[in-house]
Structures are given as structure tokens and as C-alpha cells.
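All residue numbers in this chain count up from 1 along the given sequence.
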Amino acid sequence: MLTVTPTAIEAVKIIVPKGFADSRGVFCETYNHRRFVEYGVSFDFVQDNQSSSARAGTIRGLHFQSHPAAQDKLVRVLRGRILDVAVDLRRTSPTYGRWVAEELSADNGKQLLVPVGFAHGFCTLEPETLVLYKVTGYYAPAHDLGVAWNDPDLAIDWPVSADQAVLSEKDMQLPSFRSLPAYFE
Ligand SMILES: Cc1cn([C@H]2C[C@H](O)[C@@H](COP(=O)(O)OP(=O)(O)O[C@H]3O[C@H](C)C(=O)[C@H](O)[C@H]3O)O2)c(=O)[nH]c1=O
């Protein structure tokens, strides 16, 4: 059993696999290829990524890999909470430049499907947050790109300000949305 719900940008979906609770806790098949395909979520993931962030207010993103290393991503939280964000970079999309955000947590069991053509990032909402995401393309540093998390044209409603956000040096220097070439049609 699975629920698959489109967000305001139809290609980005919220997926919640069924949990089986008993007196010990909860069991959940967090990913089952055959079942996901049955529900129309048909991706061949080749790599799992996991990141832990010590402080709330840590922002990782906005990242994407360009073709031929572009990645679909299936994101979930193992511990803590994040505001997960996807930005439409598909030039011909009616929602080009639009973003969607969803709170994912270990408690709500929600997963976010971020397809190729989107930049992805998140802000942690608790300390010691642990995020796992499956990707359909191998890491390719030459194609590992991004756009500024606080780009004024994107105007993402992050829960932290620039002086509160915990960022990598790399993420502090990502280019503006306006300067991006047309990586995705
Ligand atoms: C992404 C990646 C990174 N690395 C190495 C490269 C660096 O030495 C180190 C940290 O990488 P980075 O600073 O890019 O990690 P994040 O800032 O968490 O990046 C991720 O954050 C956002 C949320 C994403 O959606 C991306 O998938 C991913 O870019 O891990 C690898 O060896 N393999 C990989 O697949």
C-alpha cells in the first residue's frame, strides 16, 4: 500500500508507504520497486545518498546534475525534520522557475519524488537531522551544478534568514537563477 500525491507542480510527488504499527513500534517497506512501479513511480535508482546535519537551519542546495548525469531523487528523512524544496528548471514548463516545498520527517514518513529537470534542496528543522535519498544517476562532479538557495527571482520561503542559515562554502557561491543556461527543456 502506497499513497502518491502530486504537489502543486504535478511532476513532484509526495509518496507515503504504509507503516505497520504494533506494540514494538512500526515496520515499513520504505522502497519496493515493483510496488512503486504499480503506483506509477517507475525509476531505476542506482545510488543511495545519506547526509546528516548537526544544526537546525542547515541548508543543502539548491543542487542538480546536468545531462547526461541528471538524477531523479527520492528523498526521505530517517531522523529529524526538513523542509524539502524542488525548483522547476524545465525551460518549456508552465511552472518554470516555480518551487514547491514539503515538510518531510521521520515521524510523518513522507517521501518527495524530485524528477530530472528540478533543482533540489532542503533546510533542516531540527538538530542531528538524517536524510537519505535514492538517485537514478551516479555522482558526476563535472555535472554537479546548482542555483543560489536565496535567489530573489525564485523567492523560496525558507524558515531561516541568510544570517541564520548554515551553508557550505560551495552553496554560498552558487549562481543566480537568471544566469542559468537551459539545462532542461
Ligand atoms: C552529492 C555527492 C557528494 N559527494 C561528495 C562530494 C563532497 O566531497 C561531499 C559533500 O558533497 P556536497 O557538499 O555536494 O553534499 P550536499 O551539499 O549534501 O549535496 C547534496 O545536497 C542536495 C540536497 C542534493 O540534492 C544533492 O544530491 C547533493 O548535491 O560528498 C559524493 O561523493 N557523492 C555524491 O553523490
Side-chain angles (χ1 to χ4, degrees), residues 1-65 69-90 95 98-140 144 149 156-160 165-166:
M1 179 59 188
L2 203 57
T3 61
V4 180
T5 311
T7 63
I9 301 178
E10 198 276 334
V12 180
K13 302 188 189 299
I14 302 161
I15 298 168
V16 186
K18 177 176 172 53
F20 297 91
D22 63 26
S23 58
R24 298 165 299 171
V26 181
F27 176 88
C28 178
E29 286 186 5
T30 49
Y31 181 70
N32 176 313
H33 184 76
R34 183 175 54 203
R35 177 161 303 118
F36 272 57
V37 169
E38 281 168 14
Y39 280 78
V41 183
S42 180
F43 295 92
D44 292 322
F45 297 107
V46 296
Q47 178 177 309
D48 278 1
N49 294 336
Q50 179 172 301
S51 67
S52 64
S53 303
R55 290 166 56 185
T58 299
I59 290 183
R60 295 175 182 260
L62 299 157
H63 302 155
F64 61 94
Q65 290 196 169
Q71 301 168 316
D72 306 283
K73 298 173 183 172
L74 180 62
V75 187
R76 65 189 173 94
V77 171
L78 300 176
R79 184 179 59 235
R81 281 184 309 135
I82 64 172
L83 184 72
D84 208 27
V85 176
V87 181
D88 195 347
L89 300 182
R90 300 168 301 174
T95 52
R98 290 253 321 269
W99 54 273
V100 288
E102 186 69 25
E103 183 171 315
L104 310 184
S105 71
D107 290 345
N108 71 21
K110 289 183 181 178
Q111 304 183 14
L112 196 68
L113 191 283
V114 181
V116 165
F118 287 77
H120 173 244
F122 61 80
C123 178
T124 61
L125 303 175
E126 287 178 10
E128 301 307 333
T129 288
L130 187 60
V131 179
L132 182 145
Y133 47 107
K134 309 179 85 69
V135 296
T136 55
Y138 293 108
Y139 178 52
D144 186 20
W149 67 282
I156 294 167
D157 185 17
W158 296 106
V160 289
V166 179

Minimum heavy-atom separation for [X] to [Y], with atom names?
X      : Y      : answer
Thr129 : Val77  : CG2-CG1, 4.4 Å
Ile15  : Leu113 : CD1-CB, 4.0 Å
Cys123 : Val160 : SG-CG2, 3.9 Å
Gly109 : Pro17  : O-CD, 3.8 Å
Phe36  : Gln111 : CZ-OE1, 4.0 Å
Ala119 : Leu62  : CB-CB, 4.1 Å

Validation row: Phe43, Leu74 side chains within 4.5 angstrom (heavy atoms) =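 Sidechains of Leu74 and Phe43: no contact.
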Any side-chain heavy-atom pair from Leu125 and Pro159 closer than 4.5 angstrom?
->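 In contact.
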Please name all residues satisfying side-chain contact (heavy atoms from CB on, under 4.5 Å) with [X], sequence neighbours left out, ordered by chain then number.
X      : result
Thr3   : Met1, Val16
Thr95  : Ile9, Asp88, Arg90, Ser93, Arg98
Pro127 : Ala56

Just grab all the salt bridge (Lys or Arg N to Asp or Glu O under 4.0 Å) pairs involving [range], residues at least two apart or on different chains.
range           : answer
residues 50-61  : none
residues 34-43  : Glu29-Arg35
residues 99-110 : Arg81-Glu103, Glu102-Lys110
residues 14-24  : Asp22-Arg24

If I take atom [atom1] from residue [X] and atom [atom2] from residue [Y], how far apart are they, to the nearest 0.5 angstrom?
X      : Y      : atom1 : atom2 : result
Ile82  : Leu104 : CD1   : CG    : 4.5 Å
Leu112 : Thr7   : CG    : OG1   : 7.0 Å
Leu130 : Ser51  : CG    : OG    : 7.5 Å

Ring-face cation of Lys134 near Tyr31 (centre distance under 6.0 Å, axis angle within 45°) =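 The answer is yes, since Lys134 meets both limits relative to Tyr31.
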Can you list every pair that meets ring-ring contact (aromatic ring centres under 6.0 Å, His included) and has a residue in residues 110-137, with sequence neighbours left out?
->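 Not a single pair qualifies under ring-ring contact (aromatic ring centres under 6.0 Å, His included).
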Polar side-chain atom of [X] near backbone of [Y] as donor-acceptor pair, under 3.5 Å:
X      : Y      : result
Gln71  : Val114 : no
Glu128 : Arg79  : no
Trp158 : Trp149 : yes
Thr58  : Thr124 : no

Evaluate side chain to side chain contact (heavy atoms under 4.5 Å, CB included) for Gln65 paired with Tyr139, printing each intermediate quantity in order.
-> CA-CA 8 Å; Gln65 290 196 169; Tyr139 178 52; 3.4 Å; yes
Applying side-chain hydrogen bond (donor to acceptor under 3.5 Å, both in side chains), name anything that partners Glu10, two or more places apart in sequence or on another chain.
->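 If we apply the side-chain hydrogen bond (donor to acceptor under 3.5 Å, both in side chains) test to Glu10, skipping adjacent residues, the hits are Lys13.
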Only counting residues at least two apart or in another chain, list the ones meeting side-chain hydrogen bond (donor to acceptor under 3.5 Å, both in side chains) with Thr30.
->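 Listed in chain order: Arg76.
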side-chain hydrogen bond (donor to acceptor under 3.5 Å, both in side chains) between Asp48 and Gln50, intermediate numbers included = CA-CA 7 Å; Asp48 278 1; Gln50 179 172 301; over 6 Å; no
